[in-house]
**Student:** 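Structure below; questions to follow.
Scope of the values below: all heavy atoms of this structure, side chains included, with no hydrogens, waters or symmetry mates. By convention here, the first residue in the shown sequence is residue 1.
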Amino acid sequence: MRPQPILLPDVLFSGLRAILLVAAVSLPAALAGAVSAHAQAAPAANSATPAGKPATPAQGIQGGTQGGPQAAQVAPQAVPGFWDPRRRPDRPDMSRLTVIRFLTETDYPPFNFTGPDGNPAGFNVDYARLICEEIKVTCTIQMRRFETLVDSLTTNRGDAIIASLAVTPQLRAKVDFSDPYYRAPARFASRRDAVMPEIRPEYLEGKKVGAISGSSHEAYLKSQFTDAQIIGFPNDDALRSALRRGEVDFIFGDAISLAFWINGTDSAECCAFSGGPFVESRYFGEGIGIAVRKGNDVMRQALNWAMFRIWEKGRYTDLWLRYFSVSPF
């Protein structure tokens, strides 16, 4: 799931539940640890990265691993949720479900990485373990290279992929997906002395706004912010450096990656989010789901039931706050 999103018809997202932004309790500074993260949605037509692969985590955001200088100021957190309490799923028949063999990738912190003990670790791994606890079934977690995950699933070497895999039409042709369990919205960032609480196209008339060239973020700007001066950059480092030096007024990109950059050492406390999140599925994808083999409805329904229960009990909120000290929402 590392490419830029392609442009998809809005109707593809119409069946998904609306995002619920849940105001969570403040994360104490002692628990504000997080590690660098970035996730994007669907693949761009001009991306050379394998379909479904997430964008490489930004450099220099490791300073966010201990919460960073701004961690104590982000309260209350906004925790994303895709579960409607009015649509509580019934418990499916899981009598035939005796084991879940989760597949994940090897090196995509904080979502997937090898822990100090050599075992799988990260947000996705901890989430898989919560699912196993909820279903009360034996689980294993295998780490593989990202590009081998779908083949491993379809050839029955695993039962479910939990590796920040974006839900795309291309992948839907090969696998089925659970309900989304997170997504990566887009957001604007500006220098701290120019933060705007709300951003509309008319507010950015004549402003210099940076985005990665060829990305869905640039496409969205060109479609919606037609009076802004849109400037393309080759990569995240160049984009963020331009904002830090004041060469552009705003940058627009993946909010999860930006959240950790803002909270890390490379930003030098220069910048902050301006305005709120942008979640249009046509540009920023359908969300991140757990992949299962085609037609494996027992597994898919069990995962959906467990994910709802985890959210309902507040355990998803606890997990999110443990990994994300600055909200991308």
**Student:** Is there a donor-acceptor contact under 3.5 Å from the side chain of Ser216 to the main chain of Phe284?
**Tutor:** no
**Student:** Tell me, please, which residues at least two apart from Asp318 pass salt bridge (charged side-chain N to carboxylate O under 4.0 Å, His left out).
**Tutor:** none
**Student:** Quick one: does Asn112's side chain have a donor or acceptor within less than 3.5 Å of a partner on Thr106's backbone?
**Tutor:** no
**Student:** Roughly how far, to the nearest 0.5 Å, is the CD1 atom of Ile290 from the CE atom of Met299?
**Tutor:** 10.0 Å
**Student:** Return yes if some donor-acceptor pair links the side-chain N/O of Arg183 with the main-chain N/O of Val279 below 3.5 Å, else return no.
**Tutor:** yes
**Student:** Return yes if some donor-acceptor pair links the side-chain N/O of Thr104 with the main-chain N/O of Met143 below 3.5 Å, else return no.
**Tutor:** no
**Student:** Could you check if a side-chain atom of Asn296 sits within less than 4.5 angstrom of a side-chain atom of Asp176, using non-hydrogen atoms only?
**Tutor:** no
**Student:** Test your reading of the model: is there a side-chain donor-acceptor pair from Arg187 to the backbone of Gly275, 3.5 Å cut-off?
**Tutor:** yes
**Student:** Please name all residues satisfying side-chain contact (heavy atoms from CB on, under 4.5 Å) with Ala238, sequence neighbours left out, ordered by chain then number.
**Tutor:** Phe233, Pro234, Asn235
**Student:** Can you name the closest pair of heavy atoms from Met196 and Phe250 and give their distance?
**Tutor:** SD-CZ, 3.4 Å
**Student:** Is the closest side-chain donor-acceptor distance between Asn124 and Tyr182 under 3.5 Å?
**Tutor:** no
**Student:** For the side chain of Ser152 and the backbone of Thr148, is there at least one donor-acceptor N/O pair under 3.5 Å apart?
**Tutor:** yes
**Student:** Atom CG of Leu258 and atom CZ of Phe273: how far apart are they, to the nearest 0.5 Å?
**Tutor:** 5.0 Å
**Student:** Could you list all the disulfide (SG to SG under 2.5 Å) pairs where at least one residue sits in residues 227-307, not counting sequence neighbours?
**Tutor:** none
**Student:** List the residues meeting side-chain contact (heavy atoms from CB on, under 4.5 Å) with Ala272, not counting sequence neighbours, and say none if there are none.
**Tutor:** Arg192, Val195
**Student:** Are Phe308 and Trp311 an aromatic pair by the rule of ring centers under 6.0 Å?
**Tutor:** yes
**Student:** Transitively linked via ILVMFWY side-chain contacts under 4.5 Å: Val298 with Phe177?
**Tutor:** no
**Student:** Taking only residues two or more places apart in sequence, or in another chain, which ones meet Asp151 in a side-chain contact (heavy atoms from CB on, under 4.5 Å)?
**Tutor:** Thr154, Arg157
**Student:** Is a side-chain donor or acceptor of Asp249 paired with a backbone partner of Val209 at a separation under 3.5 angstrom?
**Tutor:** no
**Student:** May I ask you to test the Leu221-Leu204 pair for a side-chain heavy-atom distance under 4.5 Å?
**Tutor:** no
**Student:** For Asp159, check salt bridge (charged side-chain N to carboxylate O under 4.0 Å, His left out) against everything at least two apart and list the hits.
**Tutor:** Arg101, Arg293
**Student:** Can you pull out every disulfide (SG to SG under 2.5 Å) where at least one residue sits in residues 287-329? Sequence neighbours excluded, please.
**Tutor:** none
**Student:** According to the salt bridge (Lys or Arg N to Asp or Glu O under 4.0 Å) rule, which pairs have a member within residues 209-226, sequence neighbours left out?
**Tutor:** Glu218-Lys222
**Student:** Please report, to 0.1 Å, the donor-acceptor pairs under 3.5 Å made by any side chain of residues 132-140, with sequence neighbours excluded.
**Tutor:**
unit_1: Glu133; atom_1: OE1; unit_2: Arg315; atom_2: NH1; d: 3.3
unit_1: Glu133; atom_1: OE1; unit_2: Arg315; atom_2: NH2; d: 2.9
unit_1: Glu134; atom_1: OE1; unit_2: Lys313; atom_2: NZ; d: 3.0
unit_1: Glu134; atom_1: OE2; unit_2: Arg309; atom_2: NE; d: 3.2
unit_1: Glu134; atom_1: OE2; unit_2: Lys313; atom_2: NZ; d: 3.0

**Student:** With distance as the sole test, does Lys207 use its side chain to make a donor-acceptor pair with the main-chain N or O of Ile230 at under 3.5 Å?
**Tutor:** no
**Student:** State whether the side chain of Ser215 and the backbone N or O of Ile212 hold a donor-acceptor pair below 3.5 Å, judged by distance alone.
**Tutor:** yes
**Student:** Output all residues satisfying side-chain hydrogen bond (donor to acceptor under 3.5 Å, both in side chains) with Arg245, sequence neighbours left out; order by chain, then residue number.
**Tutor:** Glu247
**Student:** Taking atom OG of Ser178 and atom CD1 of Ile131, what is their separation to the nearest 0.5 Å?
**Tutor:** 7.5 Å
**Student:** More than 12 foreign heavy atoms under 6.0 Å from CG of Asp193: is that the case here?
**Tutor:** yes
**Student:** Walk me through whether Leu130 and Tyr316 qualify under side chain to side chain contact (heavy atoms under 4.5 Å, CB included).
**Tutor:** CA-CA 9 Å; Leu130 289 177; Tyr316 180 88; over 6 Å; no
**Student:** If the plane angle is over 60° it's perpendicular, under 30° parallel, otherwise tilted; pick one for Tyr127 and Phe123.
**Tutor:** parallel
**Student:** What's the spacing between Arg282 CZ and Ser223 OG if we round to 0.5 Å?
**Tutor:** 6.0 Å
**Student:** Under a 4.5 Å cut-off applied to non-hydrogen side-chain atoms, are Pro169 and Arg172 in contact?
**Tutor:** no
**Student:** What are the two closest heavy atoms between Ile161 and Leu165, and how far apart are they?
**Tutor:** CG2-CD2, 4.2 Å
**Student:** With distance as the sole test, does Asp179 use its side chain to make a donor-acceptor pair with the main-chain N or O of Asn304 at under 3.5 Å?
**Tutor:** no
**Student:** Report the residues that fulfil side-chain hydrogen bond (donor to acceptor under 3.5 Å, both in side chains) with Glu202, sequence neighbours left out, ordered by chain and then residue number.
**Tutor:** none
**Student:** Take Glu312 and Trp83, measure what side chain to side chain contact (heavy atoms under 4.5 Å, CB included) needs, and give me the verdict at the end.
**Tutor:** CA-CA 8 Å; Glu312 187 178 44; Trp83 301 277; over 6 Å; no
**Student:** By the definition salt bridge (Lys or Arg N to Asp or Glu O under 4.0 Å), identify the one residue from Arg86, Arg87, Arg88 that meets it with Asp84.
**Tutor:** Arg86
**Student:** Taking only residues two or more places apart in sequence, or in another chain, which ones meet Phe278 in a ring pair (Phe, Tyr, Trp, His ring centres under 6.0 Å)?
**Tutor:** Phe188, Tyr220, Phe252
**Student:** Checking Ile310 against Leu319 for the side chain to side chain contact (heavy atoms under 4.5 Å, CB included) test, could you report, in this order, the C-alpha distance in whole Å, the side-chain angles of both residues, the deciding distance, and whether it holds?
**Tutor:** CA-CA 10 Å; Ile310 290 165; Leu319 179 65; over 6 Å; no
